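Since the structure is predicted, the reported quantities are computational estimates derived from the model, not experimental observations. Below, each value reflects all heavy atoms present in this structure, side chains not excepted, and no hydrogens, waters or symmetry copies. All ligand and atom numbering here is 1-based and tracks the order in the structure.
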Amino acid sequence: MPEIVIVKDKAEAGRLVADYLRERLVQRPDLVLGLATGSSPLPVYENLAAQQVNAGQSSSPGIFSRLQAFALDEYVGLPPGHSQSFQSVLTEQVVRPLGLLTENVHFPDVSAEQIQQAAERYEQEIEAAGGVDIQLLGIGTNGHLGFNEPGSSLASRTRVKTLSEQTRVDNARFFENVSQVPTLCLTQGLGTISAAKHLILLAFGKQKADAIVAAVEGPITATTPGSVLQFHPHATVIVDTAAASKLANSSYYLQAWNNKPDWQTI
Ligand code: F6R
């Protein structure tokens, strides 16, 4: 069972996770961090970036100089450099503001002609870095984790997937209209994600309540990709009260404003 942490708002979640990451980086400067795209991890990235600015280090890597990072997934079919490619978004939101060294930040090669080979190479790159230490995650309204849509094998590895209509509609907010949202993506598999030592999933808003209750209190099934978290020895789910609103056992869970999360060290 993941550790569930209920927060008052996104800012509290951002602060909690960013503080934890900074602590871990002091202990392990060469930490390997898995980066998710989308709105959910933004409070974490914004908090980390704000502290860099406060420390007057926005253009130098400082504590991030040895951090290795791996993107969780990427659209397939967007022109290189497209503003909504996850590589462009993560470069704007994470790589530049934190001053990460570009050679330490890894993205899957979605322009490769042999894309399945590119997926296998990405798995090898993760392995060569010693595996992901901390993987940040969001969850789709349909329960997807990474871009592993419902029906994905719980043991799956990095590969090309077709995006569900629900996901394309949800992500249309980042494009002019839904027809511009790619139909394909390359995503780390649920088995790949599960190999990370610590999973931290963030979810906010009532539109995530069904996905959260299914993932953490429902049966473990490929129909609910997020349920793979229940198998993981060290998973933390950080939700605001709206995303937590359908949890039956919420009285058992930590309220971040009363207790500090029990982050185990990795
Ligand atoms: C993004 C990703 C997706 C998102 C999910 C939630 O890299 O893999 O699983 O985390 O679609 O998106 P947001 O956070 O925008 O609600």
Note: ligand 1 atoms sitting under 4.0 Å from heavy atoms of F86 are 7 (O)
Heavy-atom proximity to atom 15 (O) of ligand 1 ranks first, among H144, Q166, E74, R173, for R173
The reported gap from CG in L199 to CD1 in I134 (rounded to nearest 0.5 angstrom) is 10.5 Å
So does A196 get a backbone contact from the side chain of H232, meaning a donor-acceptor N/O pair under 3.5 Å?
yes
the protein heavy atom lying closest to atom 6 (C) of ligand 1 turns out to be I139 O, 3.4 Å
shortest atom 3 (C) of ligand 1-to-protein heavy-atom contact is with G146 O, 3.6 Å
One finds that the ligand 1 atoms under 4.0 Å from a non-hydrogen atom of L72 are 8 (O)
closest protein heavy atom to atom 2 (C) of ligand 1 is D73 OD2, 3.2 Å
Under 4.0 Å from one or more heavy atoms of S39, ligand 1 contributes atoms 13 (P), 14 (O), 15 (O)
| What about G38: any of its N or O atoms under 3.5 Å from an N or O on ligand 1? | no
Looking only at protein heavy atoms, what sits closest to atom 10 (O) of ligand 1 is G138 CA, 3.3 Å
task = May I ask you to test the F147-N171 pair for a side-chain heavy-atom distance under 4.5 Å?
result = yes
| request: Say whether K208, considering both its backbone and side-chain N or O atoms, lies within less than 3.5 Å of an N or O atom on ligand 1. | output: yes
side-chain contact (heavy atoms from CB on, under 4.5 Å) filter on L184, not counting sequence neighbours, yields V76, V160, T162
Across all chains, not counting sequence neighbours, the ring-ring contact (aromatic ring centres under 6.0 Å, His included) partners of H106 are F70
Centroid-to-centroid, F175 to Y75, below 6.0 Å?
-> yes
Quiz item: Is atom CZ of F231 surrounded by more than 12 heavy atoms (other residues, nucleotides or ligands) closer than 6.0 Å?
Solution: no
Q. Is S156 reaching over with its side chain to a backbone N or O of L190, donor-acceptor style, under 3.5 angstrom?
A. yes
- Item | Candidate pair Q180 and Q84, rule side-chain contact (heavy atoms from CB on, under 4.5 Å), full reasoning | CA-CA 10 Å; Q180 294 186 353; Q84 289 309 319; over 6 Å; no
for atom 14 (O) of ligand 1, nearest protein heavy atom and its distance come out as S40 OG, 2.5 Å
With a 4.0 Å cut-off on heavy atoms, is F204 touching ligand 1? no
Checking heavy atoms under 4.0 Å, the part of T37 that sits near ligand 1 is both
